[in-house]
Amino acid sequence: MMNVDGQWRFMHDQGLAFFGRIAASISHELKNHLAVINEQTGLMSDLLHFAGQGKPPSVQRLACLSQDIAEQVGRADLTLRMFGRFSHSVDQQHCPVDLADLSETIIGIAKRLAASKGVMLSHQAGTDQIIVKTSPFLLVQLVFLCLEHIIAQADGGGELRIGAFGDSGQAGIDLCLEGHTIAPMGSSQWQEMLLGLLHARICSLKEHSTLRIEMPLDNPNSTGAIDDE
Amino acid sequence: MNDARVLVVDDEPMFVQAMVERLKNRGVSAVGRGSGEEALVYLKGNQVDVVVLDLMMKGMDGLEVLKSIRSEWPEVQTIMLTGHASVETGMAGIRAGAFDYLIKPAPLEDLIRKINQAIERKAVLSEKKTGPSESA
C-alpha cells in the first residue's frame, strides 16, 4: 500500500504521462492537416507557374483548391479547440462539468487514435444538459481507460457512441459499441484510484455492448484528497 | 527521373491527390492509393519503383504494408512519411527496411531528391541481382 506522498506522486505521474500522450497525438494530427495544406498550396504555386507560361488554370479548379484548404483549416481549428478544452480540464480539481461537452472533447482528442483501429467515434446527444461537480481531468482519464479497453476489443472496427446520461441522483457517461460484446474491464491500480477519487463505478449494460461510468452529481471528494489508510 | 514509377499511399485523399499531381507536373509517373490494402492490390498488377508510404493509416498501418512490400517486392524502394515530430517513428521504418523517411509536412523538392536516390539504389540492387550488363 502506497503512502499519501507515493499516491500523489503516482497520480501526478499518470496525469502527466496522459497529458503528454494526448499532446503528441494532437501534434501528429495537426502535422497531417499542415501536410495537406502544404501540398495544396504547392499545387496552387504550380498552377501559377503554368499561368506565367501562358497556361492559365480554370477558375473552378482554383476555387476547388481554395475550398479544400479552407476545409483543412476548419478541421485543424476544431482539433485545436478540442485540445484547448482538454488542456483547461486541469485548471480546477472540483468544478461543474457538462458531461455532453466532456464527451465531445474526448471524441475530438481521441478520434484519430480510434480511427487508426477502424473505430469511428460519435456523440450520442441527449435532450437535457447534465452537469456534475467533479474533477474534469480525472474524469477524462477514466473515460479514456474505458475507451481504450473497448477499442482494443473492436475487432473489425465499428461505431463507438459516447454520450451523457443523468437523473436526480446519478449521472455519467455511456460508451456503446453496437453489435459487440465488451469484456469486463480488468483492474489496475490507476483505475481503482480514479474510481475512488471520482466516487465512480463502471458497469456493463445492454447485453455487454455498453460500458457505463456512474458517478454522483456532486463528488463528495471535493478536494481530490487521497485518504491515508 | 522521367521513367520513375511512384506510388503514393496515404489515407488522406486530398493529400494524395495534390501530391500525385505535383509529382506529375515534374515529370514523375505517379499514382495514388488511399490505403495499405489498395496499395498492395496495385503492386500486384503494376510495376512500381518507389512507394511513398504514410506510416499511420486507418486499417493496415504503414509498417505492416512495408513488411508486405519487403516480402513480395524486395526490389521496390519505400520512403516513409510520418506526422510524428520525433525521428523515432521514421527510424522504426528504416529498421523495418524502408529506404528513407520524411517528416510531414515536407518540401516536395526533398521528396523528389529522395525518390531519385531510391531509384539509384533500386538500380544498384537490380544490377547486383542480375550481374553487370555486358556493355559495362
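Here is the naming used below: chain letters follow the sequence lines, and residue numbers restart at 1 for every chain.
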*Among residues 46-53 of chain B, which residues come closer than 4.5 Å to chain A, judged by heavy atom distances?*
none

_How long is the straight-line distance from CG of A:Leu34 back to NZ of B:Lys104, given to the nearest 0.5 Å?_
11.0 Å

*Going from CD on A:Glu39 to CZ on B:Arg22, what distance comes out if it is rounded to the nearest 0.5 angstrom?*
4.5 Å

What are the two closest non-hydrogen atoms of [X] and [Y], and how far apart are they?
X        : Y       : value
B:Ala106 : A:Asn38 : O-ND2, 3.1 Å
B:Pro105 : A:Ala35 : CB-CA, 3.6 Å
B:Gly83  : A:His28 : C-CD2, 3.2 Å

*Determine whether more than 12 heavy atoms belonging to other residues, nucleotides or ligands lie under 6.0 Å from atom CD of A:Glu29.*
yes

_So for B:Met57, is it side chain, backbone, both, or neither that comes closer than 4.5 Å to the heavy atoms of chain A?_
backbone

*Would you list the pairs meeting side-chain hydrogen bond (donor to acceptor under 3.5 Å, both in side chains) in which at least one residue belongs to residues 57-66 of chain B, sequence neighbours left out?*
none

_Neighbours of chain B found in residues 68-86 of chain A - heavy atoms under 4.5 Å_ = A:Asp68, A:Glu71, A:Gln72, A:Arg75

*If contact means a heavy atom pair closer than 4.5 Å, which residues of residues 43-60 of chain A contact chain B?*
A:Leu43, A:Asp46, A:Phe50

*Counting heavy-atom pairs under 4.5 Å to chain A, which of B:Leu108, B:Asp54, B:Asn25, B:Val16 comes out on top?*
B:Asn25

